[in-house]
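Remember, it's a predicted structure, so these values are computed and weren't measured experimentally. All residue numbers in this chain count up from 1 along the given sequence.
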Amino acid sequence: DNLIKLERIPVPRGYQNLEAFNRVLGEALKHDRSLVFEPEGHTTRYGQQTSNLAMNGALPIQQLNAFFVAAAERRKEEVRKRSTHPFDAHPPRVFRLYSWAVIMHENGHQTPHIHARGWLSGVYYVEVPDEVSRDDPERNGWIEFGRSEERWYRPKTVVPVRQIFPEPGLLVTFPSYFWHNTRPLRSKGRRISFAFDIIPV
């Protein structure tokens with residue numbers, strides 16, 4: 001819980017509110033030419049994923065990428081003040097950003113995975129269907145931390161799990177080595193997210 005951080009991004013310049021920004025961002029992502037359905041070697045199921053958008057020229061994508069970098073710099077400052085935990089003790093001096101979008105359709109989900117190359121990872125929620133709600137007992141469409149691939153389980157293994165409601169405008173950041181997945185999306189609407197890795201160089 002101490003290493004998973006939730007925050008709402010400030011309204012980017014030129015937009016009246018986050019809803020307006022998310023609408024423009026969502027349109028840019030839906031029409032990105034690099035979108036691929038279930039790209040090979042990735043964990044996206046029943047959904048589309050872009051290639052790296054870190055250098056994309058679209059203004060809303062640039063604005064969000066800049067916020068990701070700023071969030072990473074803040075995390076670097078925070079960990080220096082906190083403890084000798086390995087994540088805190090070794091923030092990268094220099095890093096590069098890798099970012100991408102995922103558009104999930106009905107039954108869309110991410111299988112359990114980590115981001116092995118990264119130090120810090122995050123996901124920003126752009127568009128979430130109404131069927132994804134806080135009071136859903138099945139928590140469909142939510143992000144989930146803690147469960148690894150089944151091959152790593154042993155009998156009587158107890159795994160601490162944290163599930164987070166994917167509210168539009170919310171940014172979730174976490175150590176890249178945290179196992180995470182998403183609950184299947186039980187909706188005919190789209191769920192659009194924009195994720196990133198901070199990769200040491």
Side-chain angles (χ1 to χ4, degrees), residues 4-9 12 18 21-73 75 92 94-129 132 141-145 149 164 166-185 189-201:
I4 298 174
K5 183 173 181 179
L6 280 60
E7 58 184 305
R8 289 186 66 82
I9 73 166
L18 273 182
F21 172 70
N22 284 342
R23 282 195 298 272
V24 175
L25 176 63
E27 286 301 312
L29 297 176
K30 284 184 283 188
H31 293 94
D32 188 86
R33 293 183 178 181
S34 69
L35 276 172
V36 174
F37 185 77
E38 293 188 355
E40 185 176 354
H42 294 271
T43 59
T44 300
R45 302 292 181 267
Y46 297 99
Q48 299 164 284
Q49 184 169 323
T50 70
S51 61
N52 185 12
L53 298 179
M55 301 301 292
N56 188 284
L59 180 58
I61 294 175
Q62 288 181 346
Q63 290 171 309
L64 193 54
N65 279 332
F67 188 81
F68 291 160
V69 171
E73 293 289 357
R75 289 294 295 261
V94 181
F95 61 80
R96 65 182 176 89
L97 176 73
Y98 188 100
S99 63
W100 67 97
V102 174
I103 301 178
M104 289 185 178
H105 307 288
E106 188 172 14
N107 295 319
H109 62 280
Q110 297 277 350
T111 61
H113 64 286
I114 61 172
H115 297 189
R117 295 186 301 161
W119 171 70
L120 181 75
S121 296
V123 58
Y124 175 77
Y125 296 101
V126 181
E127 183 179 318
V128 179
V132 179
W142 289 37
I143 188 170
E144 181 176 81
F145 293 92
E149 295 176 337
I164 296 172
E167 180 181 9
L170 177 69
L171 173 65
V172 182
T173 57
F174 53 92
S176 299
Y177 64 84
F178 273 19
W179 283 96
H180 57 287
N181 62 280
T182 57
R183 306 280 295 169
L185 180 64
R190 286 183 295 254
R191 176 188 181 278
I192 304 178
S193 59
F194 197 137
F196 73 91
D197 285 336
I198 296 298
I199 301 175
V201 296

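Between Phe68 and Thr173 the shortest side-chain heavy-atom distance does not fall below 4.5 Å. For the pair Pro12 and Leu18, the minimum side-chain heavy-atom distance is below 4.5 Å. Residues Pro129 and Arg191 are in side-chain contact: their nearest non-hydrogen atoms beyond the backbone lie under 4.5 Å apart. Looking only at side-chain heavy atoms (C-beta outward), Pro175 and Trp119 stay at 4.5 Å or farther from each other. Put simply, the side chain of Leu29 reaches to within 4.5 Å of the side chain of Leu53, judged on heavy atoms. Looking at heavy atoms from C-beta onward, Ile164 lies in side-chain contact with Leu170 at the 4.5 angstrom threshold. Residues Asn181 and Thr111 fail the side-chain proximity criterion, which asks for heavy atoms closer than 4.5 Å. Side-chain contact between Trp100 and Asp32 is absent, with no heavy-atom pair separated by less than 4.5 Å.
Heavy-atom minimum distance, Ser34 versus Thr50: OG-CB, 3.3 Å. Considering all non-hydrogen atoms of both residues, Ile143 and Val123 come closest at CD1-CG1, 4.0 Å. Nearest heavy-atom pair, Phe178 versus Ile4, reported as atom, atom and distance to 0.1 Å: CE2-CG1, 3.7 Å. Residues Pro60 and Phe21 come closest through the heavy atom pair O-CZ, 3.6 Å. Nearest approach of Pro168 to Val126, heavy atoms of both residues: CB-O, 4.0 Å.
Taking the six-membered ring for Trp and thresholds of 30 and 60 degrees, His180 and Phe145 have ring planes inclined between 30 and 60 degrees apart. The aromatic rings of His109 and Tyr46 are tilted relative to each other, their planes meeting at an angle between 30° and 60°.
Here the CD atom belonging to Gln48 is positioned 3.5 Å from the NE2 atom belonging to His105, to the nearest 0.5 angstrom. Here Glu106 contributes atom CD and Leu185 contributes atom CG; the two are 7.5 Å apart, rounded to the nearest 0.5 Å. Interatomic distance, CD1 of Ile61 versus CZ of Phe194, reported as 5.5 Å (0.5 Å rounding). To the nearest 0.5 Å, atom NE2 of residue His115 and atom CD1 of residue Ile199 are 10.0 Å apart. To the nearest 0.5 Å, atoms OH (Tyr125) and CG (Leu171) are separated by 9.5 Å. Taken from CG in Leu25 to CD in Glu127, the straight-line distance is 10.0 Å, to the nearest 0.5 Å.
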Residues Ile192, Asn22; criterion side-chain contact (heavy atoms from CB on, under 4.5 Å); working and verdict
CA-CA 10 Å; Ile192 304 178; Asn22 284 342; over 6 Å; no

List the steps and the verdict of side-chain hydrogen bond (donor to acceptor under 3.5 Å, both in side chains) for Asn65 and Ser99.
CA-CA 7 Å; Asn65 279 332; Ser99 63; 2.8 Å; yes

As a quick check of understanding, evaluate side-chain hydrogen bond (donor to acceptor under 3.5 Å, both in side chains) for Ser121 and Asp197, giving each step before the final call.
CA-CA 4 Å; Ser121 296; Asp197 285 336; 2.6 Å; yes

Report the C-alpha separation of Phe95 and Glu73 in whole Å, then their side-chain angles, then the decisive distance to 0.1 Å, and conclude whether the side-chain contact (heavy atoms from CB on, under 4.5 Å) test is met.
CA-CA 10 Å; Phe95 61 80; Glu73 293 289 357; 3.6 Å; yes

Determine whether Gln110 and His42 satisfy the following criterion, side-chain hydrogen bond (donor to acceptor under 3.5 Å, both in side chains), listing intermediate values before the conclusion.
CA-CA 9 Å; Gln110 297 277 350; His42 294 271; over 6 Å; no

For a side-chain contact (heavy atoms from CB on, under 4.5 Å) check, start with the C-alpha distance between Tyr98 and Arg117, then their side-chain angles and the critical distance, and finish with the verdict.
CA-CA 10 Å; Tyr98 188 100; Arg117 295 186 301 161; 4.2 Å; yes

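For Arg8, the salt bridge (charged side-chain N to carboxylate O under 4.0 Å, His left out) test picks out Glu167, with sequence neighbours left out.
For an aromatic pair to be called close, the ring centres must be under 6.0 Å apart, and Phe67 with Tyr124 fails this.
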